[in-house]
Amino acid sequence: MSIGSQAERDLDTAAETFAAVRPRLFGIAYRMLGTVADAEDLVQETWLRWQAYDRASVREPAAFLATTITRLAINQAQSARARRETYIGPWLPEPVDTSADPSLGAERGEALEFAVLVLLEKLPPTERAAYVLREAFDYPYAQIADIIQASEASARQLVSRARKHLTEERHVREVTHEEQRRMLGAFLEAAQSGDMAALESLFTADIVSYSDGGGLARASRIPVRTREVVAKYVHAFADRFWVGEVRIVEANGAPAAVLVRDGAIVAFITLDVTADGIRRLQWVLNPQKLERLPLPV
């Protein structure tokens with residue numbers, strides 16, 4: 001047996017091992033960073049490190065790879081926070097198609113909703129990592145502690161703190177997938193017709209509308225608040241914004257809508273729906289965050 005052929009077989013085995021856990025690695029990185037490009041970059045960096053590592057010394061490859069990408073994501077999140085301080089207008093995550101994979105590589109679809117990703121962005125990166133590993137991937141606290149290089153007690157405290165923060169921020173009663181879809185349809189009908197009364201009836205009193213244009217598309221650079229003002233805001237562009245075809249998609253584990261013009265997606269709209277009505281409107285208009293969404297058929 002030649003040395004070359006043995007090395008090739010070892011690399012093939014490494015590639016197979018990596019491919020088996022790749023969806024999970026992407027799922028961790030995406031939840032941590034909120035953009036597909038950044039997540040893919042970290043997956044690639046993890047592969048390069050796996051290639052170069054003394055793999056014979058690794059007893060549990062899946063755990064090793066999850067640890068590698070989580071630590072990379074924590075470092076990346078720290079630098080991303082500084083970059084987003086200069087982002088033009090509100091920053092929103094990049095939407096991901098979850099029609100084929102509702103949980104996006106996780107044990108469950110937690111920490112994937114748009115509204116939750118926005119809140120996770122406000123947490124310290126290590127706290128965010130602990131929450132993602134526990135809630136989405138069901139890692140035991142002892143393993144989370146090893147990954148984030150903390151004690152098990154600290155890992156538990158970080159997850160508890162993150163849960164409390166998200167609960168306090170959202171303090172909402174969840175609705176079913178079917179109710180989300182129904183409310184999305186009602187909103188789209190009222191928005192396209194410019195029916196202010198119908199819009200106001202769908203909104204909660206504390207509704208906020210966020211538009212992410214990133215300086216590359218026309219969008220409000222500040223959040224728009226209150227039922228009456230948001231209804232006026234949506235009504236104001238009803239006659240020019242909806243030029244094209246509106247299609248319903250599954251993104252980030254929930255119903256959403258995209259606006260298609262000339263064969264390209266130009267807007268993504270998702271709602272945070274509670275039992276009391278629509279609490280958040282989120283518009284992704286930045287073309288760089290839309291280019292990876294598949295065009296609905």
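What you see is a predicted model, and the numbers here were worked out from it, not measured in a lab. Just so you know, these numbers use all the heavy atoms, side chains as well, and skip hydrogens, waters and symmetry mates.
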Please round to the nearest 0.5 Å and tell me the distance separating atom [atom1] of [X] and atom [atom2] of [Y].
X      : Y      : atom1 : atom2 : result
Ser151 : Gln157 : OG    : CD    : 8.5 Å
Leu104 : Thr98  : CG    : OG1   : 7.5 Å
Leu281 : Ile207 : CG    : CD1   : 4.0 Å
Thr226 : Phe203 : OG1   : CZ    : 10.0 Å
Ile74  : Ile147 : CD1   : CD1   : 9.0 Å

[X]: partners by side-chain hydrogen bond (donor to acceptor under 3.5 Å, both in side chains), with sequence neighbours left out:
X     : result
Thr35 : Asp38
Trp47 : Gln51
Trp91 : none

How far apart are the closest heavy atoms of [X] and [Y], and which atoms are they?
X      : Y      : result
Asp97  : Pro294 : OD2-CG, 3.4 Å
Thr274 : Val175 : C-CG1, 3.4 Å
Val116 : Ala111 : CG1-CA, 3.9 Å
Ala219 : Leu285 : CB-CD1, 3.6 Å
Ile28  : Ala66  : CD1-CB, 4.3 Å
Ala267 : Leu290 : N-CD1, 3.7 Å

Query raised in the report: If you look only at pairs with a residue in residues 183-202, which of them pass as a side chain to side chain donor-acceptor pair (under 3.5 Å), with sequence neighbours excluded?
Result: none

Query raised in the report: Which pairs pass side chain to side chain donor-acceptor pair (under 3.5 Å) with one or both residues in residues 245-270, sequence neighbours excluded?
Result: Tyr30-Asn252, His177-Glu250, Arg181-Glu250, Glu245-Arg247

Do the non-hydrogen side-chain atoms of [X] and [Y] ever get within less than 4.5 Å of each other?
X      : Y      : value
Val224 : Val208 : no
Leu25  : Leu65  : yes
Leu158 : Tyr141 : no
Glu169 : Leu119 : yes
Asp41  : Gln76  : no
Asp272 : Ile278 : no
Val260 : Val266 : no
Phe137 : Val132 : yes

Any chance the side chains of [X] and [Y] put a donor and an acceptor closer than 3.5 Å?
X      : Y      : result
Tyr233 : Ser211 : yes
Asp146 : Tyr139 : no
Thr67  : Thr70  : no

Requested in this report: With sequence neighbours excluded, tell me which residues meet ring pair (Phe, Tyr, Trp, His ring centres under 6.0 Å) with Phe64.
Outcome: Trp50, Tyr53

Query raised in the report: In chain order, what residues pass the ring pair (Phe, Tyr, Trp, His ring centres under 6.0 Å) check against Phe114, with sequence neighbours excluded?
Result: Phe268

Would [X] and [Y] show up in the same hydrophobic cluster when neighbours are defined by side-chain heavy atoms closer than 4.5 Å?
X      : Y      : result
Trp283 : Tyr87  : no
Met32  : Leu166 : yes
Val249 : Leu117 : no
Leu92  : Val230 : no

Query raised in the report: Has the side chain of Ser103 got a donor or acceptor atom that lies under 3.5 Å from a matching backbone atom of Ala106?
Result: yes

Requested in this report: Look only at the side chain of Arg240 and the backbone of Ala236, and say whether a donor-acceptor pair between them is shorter than 3.5 Å.
Outcome: yes

Query raised in the report: Below 4.0 angstrom, N of the basic side chain to O of the carboxylate: do Arg156 and Glu152 qualify?
Result: yes

Query raised in the report: Ion pair present between Glu228 and Lys232, side-chain N to carboxylate O less than 4.0 angstrom?
Result: no

Report task. Apply side chain to side chain contact (heavy atoms under 4.5 Å, CB included) to Val21 and Phe26, showing your working. Result -> CA-CA 9 Å; Val21 297; Phe26 177 83; over 6 Å; no

Report task. Determine, step by step, whether Arg31 and Glu110 satisfy the salt bridge (Lys or Arg N to Asp or Glu O under 4.0 Å) criterion, reporting the C-alpha distance in whole Å, the side-chain angles of both residues, the deciding distance to 0.1 Å, and the verdict. Result -> CA-CA 9 Å; Arg31 285 168 171 82; Glu110 299 299 320; over 6 Å; no

Report task. Go through Val258 and Ile269 one step at a time and tell me if the side chain to side chain contact (heavy atoms under 4.5 Å, CB included) criterion holds. Result -> CA-CA 6 Å; Val258 294; Ile269 306 103; over 6 Å; no

Query - Connected-component partners of Met196 among ILVMFWY, side-chain separation under 4.5 Å - result: none

**Report entry** Remaining members of hydrophobic cluster (4.5 Å side-chain criterion), Ile222
**Finding:** none

Report task. Report the C-alpha distance between Glu178 and Arg182 in whole Å, list the side-chain angles of each, state the deciding distance to 0.1 Å, and finish with yes or no for salt bridge (Lys or Arg N to Asp or Glu O under 4.0 Å). Result -> CA-CA 6 Å; Glu178 291 72 24; Arg182 188 192 71 77; over 6 Å; no

Query raised in the report: Going by the salt bridge (Lys or Arg N to Asp or Glu O under 4.0 Å) test, which pairs reach into residues 128-139, not counting sequence neighbours?
Result: Arg108-Asp138, Glu121-Arg128, Glu135-Arg163

Report summary line: In short, salt bridge (Lys or Arg N to Asp or Glu O under 4.0 Å) pairs touching residues 284-297 with sequence neighbours left out are Glu94-Arg292, Asp212-Lys289

Query raised in the report: side chain to side chain contact (heavy atoms under 4.5 Å, CB included) with Ala191: which residues, sequence neighbours excluded?
Result: Phe187, Leu199, Val234, Trp242

Query raised in the report: Any chance CD of Gln288 has more than 12 other-residue heavy atoms, nucleotides or ligands included, within less than 6.0 Å?
Result: no

**Report entry** Residue pair Leu42, Leu33: steps toward the side chain to side chain contact (heavy atoms under 4.5 Å, CB included) verdict
**Finding:** CA-CA 10 Å; Leu42 290 199; Leu33 302 175; 3.6 Å; yes

Report task. Test side chain to side chain contact (heavy atoms under 4.5 Å, CB included) on Leu271 and Arg280 and set out the steps. Result -> CA-CA 6 Å; Leu271 317 177; Arg280 296 286 183 267; over 6 Å; no

